[in-house]
There are 2 protein chains.
Amino acid sequence: MKTLKIPKETIIRISKYSRYLTEVDLTKISSTDIASGVSVSSAQVRKDLAYFGNFGSRGIGYDVKDLRRHLIKILGLGDIWNVSLVGLGNLGLALSKYQGFLERGFIITSMFDIDPSKIGMVVNEIEVFPTPQMEEVIRKKNTQIGVICVPVSVAQEIADVMVRAGVKAILNFAPVSLKVLSEVLLRNVDLVVNLELLAFNLRESELIDSFMCR
Amino acid sequence: MKTLKIPKETIIRISKYSRYLTEVDLTKISSTDIASGVSVSSAQVRKDLAYFGNFGSRGIGYDVKDLRRHLIKILGLGDIWNVSLVGLGNLGLALSKYQGFLERGFIITSMFDIDPSKIGMVVNEIEVFPTPQMEEVIRKKNTQIGVICVPVSVAQEIADVMVRAGVKAILNFAPVSLKVLSEVLLRNVDLVVNLELLAFNLRESELIDSFMCR
DNA sequence: TAGATTGTTAATCGATTAACAATC
DNA sequence: TAGATTGTTAATCGATTAACAATC
């Protein structure tokens, strides 16, 4: 059962559909309308939804409220996840205050930093602990997800401790390729690489422009 | 000429190779070594590099210094880009202070917010201006890239102004699908969706575990 | 020469798109 | 019934992997 492998792109889009549906004020909606709302093709929308069931009616479309409920179920948005945040530099601090996580059920239950000036600081009623206490606290709080916002030089070390403490998934913001046990899920967000990609494409289109101009 | 389309995944990996090469302390390196350093296959490394030229020597590998130089050239890392940052909430403020952008040639040359308590604030010698002055200032500073860190409700509006002001590429952190002229490059970073993807996979593997346990 | 490693081609894999029968 | 739209299959597209001749 459940042999079908679902592409991660599909999950990312399902998340977008779900968010889009909370914005629209309609009772029925077609795959074409959802598609234009989130900038994908309508076939894509139907294909993505079909992985999880038949939520629509031919000739009619989808019931917004109903579909919304299904998507929330699929994404597990009712669930609560305990998250540990390590590294309270600029980015870490911003994430610690970010409401978007909370809204989707991701609760930061512990925070750590090595810098004495940060230790003891309280954000959203959570106190920042010194890094050496990580393993103990993460384990005690039953933390499923770890978020790494430390510099590259210590990121692997922090990841190792997280894994030892029983974390099941890591979201890594340090621009380095971490090595973790294959059971531990790992996702990387590289802020700079996004700008680099834009810059590359900009230079590319500048080149094309200059070719066309001659 | 230059008809070959280069996958954006290749550019992202080239950026990783480039960063990895600045970390290692070797004169020669093989595709296998680069591959294990950034967690991809060695065939992938060779394929990616082959899009841009023959940088290696059969039987030997790549000259680190030489390859490093080539990759920097490919990514256009010598270039300087003028960036405008709009929205100085938690995330925007963190990005404004982020050294990683500067290191790779992305210079924030203007910042905007609608909140009077933020206007006039100075970060990295750059003053925060009121949003109504966006179009004028962005144009005057010859800004190529805009970064959107405002709430969903105003993100499209801000994007429209950026485009009017002549911005060529937008990096969008608001979780909404922006509509822009097709000439304008757009990239989205959704912080929450990354956690949702991890959560989905966690639930999936929990399901598998519970099947295996019976 | 023997061993190592590239550059490249062909095979594989996976995801998107097009098209249309089913059906509301 | 006629028009609209889903769910699904087959075709297409694109990216990754495997394999190996070229060659240092």
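In the text below, chain A, chain B and the rest are named by the order of the sequence lines, each starting its count at 1.
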How many whole angstroms separate atom [atom1] of [X] from atom [atom2] of [N]?
X	N	atom1	atom2	value
A:F52	D:dT6	CZ	C1'	18 Å
B:I29	D:dC24	CD1	P	21 Å
B:I12	D:dT16	CD1	P	10 Å
A:K47	D:dT9	NZ	C1'	9 Å
B:H70	C:dG7	NE2	P	11 Å
B:K28	C:dT5	NZ	P	12 Å
B:F55	D:dC24	CZ	P	17 Å
B:K5	D:dT16	NZ	P	11 Å

Seminar exercise, completed: In Watson-Crick or G-U wobble terms, with both distances under 3.5 Å, the base opposite C:dT23 is D:dA4
For this session: Using both distances under 3.5 Å as the test, list the Watson-Crick or G-U wobble partner of C:dG14, or none.
Result: D:dC13
Any sub-3.5 Å donor-acceptor pair from [X]'s side-chain atoms to [Y]'s backbone N or O?
X	Y	answer
A:Q144	A:N82	yes
A:D79	A:G105	no
A:D113	A:D115	yes

[N] phosphate, OP1 or OP2: any side-chain N/O from [X] under 4.0 angstrom?
X	N	value
A:R46	D:dT6	yes
A:S41	C:dT16	no
A:Q44	C:dA15	no
A:Y62	D:dG7	yes
A:S31	D:dT5	no

Exercise. Can you find a side-chain donor-acceptor pair between A:S84 and A:T143 that sits under 3.5 Å?
Worked result: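 Not at all, the side chains of A:S84 and A:T143 share no donor-acceptor pair under 3.5 Å.
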Exercise. Can you say whether the rings of A:F52 and B:F200 are parallel (under 30°), tilted (30 to 60°) or perpendicular (over 60°)?
Worked result: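 Geometry flag for B:F200 against A:F52: perpendicular rings.
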Exercise. 5'-most contact on DNA chain C: A:P7 or B:N54, nearest heavy atom basis?
Worked result: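 On the 5' side of the pair lies B:N54.
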Exercise. DNA chain C: A:E9 or B:G61, which has the more 5' nearest nucleotide?
Worked result: B:G61
Problem set entry | base_contact_polar (D:dT6 base, A:R58 side chain, donor-acceptor, <3.5 Å) | yes
